[in-house]
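First up is the structure itself, then whatever we jot down about it.
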Amino acid sequence: PALFMDNARKGSIVSRANSIGSTSASSVPNTDDEDSDYHQESYKESYKDRRRRVHTQAEQKRRNAIKKGYDDLQAIVPTCEQQNFSIGSQKLSKAIVLQKTIDYINFLHKEKKKQEEEVSTLRKDVMALKIMKVNYEQIVKAHQDNPTEGKEQISDEMKFNVFQGIMDSLFQSFNASISVTSFQELSACVFSWIEEHCKPQTLQDIVIGVLHQLKSQLY
């Protein structure tokens, strides 16, 4: 009996030891799995942070570029500079900067068109002067070749009579066509009179008529 009791006690002790070992083993955490989950979660967070940082940098770069563009416009457009000078350190809004830039561009387009028209007019004037130069050179050359031709054949009085006859004829039509009520009407009437009564054929007819009239008086 004593031996049986001693074996039973040993068996009970071994059984409890196994039970305690099993419970302790089951309560120990699985460190390998937790390390893997931690590293994966840390990688995900760092990837999100990296994307957020790249997006923030791109957005900041875009804003800096826009700001620089508006600053350049304020420095280039004269009206923006004048406005900025008049209000001191007060900053212009983006809407005002854009509107003043549009107005300035339209002004430049008008100035360019005006300058092109002036250049075209000057070119026509240069062409007319060149034609006159050629004609005068031909007259001078003809006079040099025949210096006595036509000399003293027409008196100054006769020249004046021809000029007076032409001017009298033109003044009659001018006086009948021109209104001097206002400058606008005067300008419009003058251009209309020039187009109607100063055509080459009309002037030629007037000169021929004056010459015939003087000829009949002389002979």
[X]-[Y] co-clustered via ILVMFWY side chain contacts under 4.5 Å:
| X | Y | value |
| --- | --- | --- |
| Phe163 | Met158 | yes |
| Leu73 | Ile105 | no |
| Ile96 | Ile76 | no |
| Ile102 | Leu92 | no |

Original post:
Among side-chain atoms of Asp103 and Gln99, is any donor-acceptor pair under 3.5 angstrom?
Top reply: yes
Subject >> Closest contact, heavy atoms only, Ser179 versus Cys189 >> reply: N-SG, 3.6 Å
**OP:** Can you see which heavy atom on Val77 is nearest to which on Lys100, and at what distance?
**Re:** CG1-O, 3.9 Å
Listed pairs under 3.5 Å, donor-acceptor, residues 129-136 side chains, sequence neighbours left out:
{"residue": "Lys133", "atom": "NZ", "partner": "Glu137", "partner atom": "OE2", "Å": "2.5"}
{"residue": "Asn135", "atom": "ND2", "partner": "Ile131", "partner atom": "O", "Å": "3.3"}

Subject >> Any residue meeting side-chain hydrogen bond (donor to acceptor under 3.5 Å, both in side chains) with Gln164, in chain and number order, not counting sequence neighbours >> reply: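 Gln164 satisfies side-chain hydrogen bond (donor to acceptor under 3.5 Å, both in side chains) with no residue once adjacent residues are dropped.
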Subject >> For Asn64, side-chain hydrogen bond (donor to acceptor under 3.5 Å, both in side chains) partners two or more places apart >> reply: Gln60
Subject >> Pair listing, salt bridge (charged side-chain N to carboxylate O under 4.0 Å, His left out) test, anchored in residues 60-70, at least two apart >> reply: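 Sorted result for residues 60-70: Glu59-Arg62, Glu59-Arg63, Lys67-Asp71, Lys68-Asp72.
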**OP:** Supply the atom-to-atom distance Asn175 CG to Asp168 CG, rounded to the nearest 0.5 angstrom.
**Re:**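 It is 11.5 Å, given to the nearest 0.5 Å.
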Original post:
Roughly how far, to the nearest 0.5 Å, is the CZ atom of Arg52 from the CD atom of Gln57?
Top reply: 13.0 Å
Original post:
Short question: side chain of Ser169, backbone of Gly165 - any donor-acceptor pair under 3.5 Å?
Top reply: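 Here the side-chain-to-backbone pair does not exist.
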Cut-off 3.5 Å, no hydrogens considered: what does the side-chain donor-acceptor table look like for residues 190-210, sequence neighbours left out?
{"residue": "Trp193", "atom": "NE1", "partner": "Ser173", "partner atom": "OG", "Å": "3.0"}
{"residue": "Gln201", "atom": "NE2", "partner": "Asp205", "partner atom": "OD1", "Å": "3.1"}

Give the table of side-chain donor-acceptor pairs shorter than 3.5 Å for residues 108-118, with sequence neighbours excluded, one pair per line with atom names and distance.
none

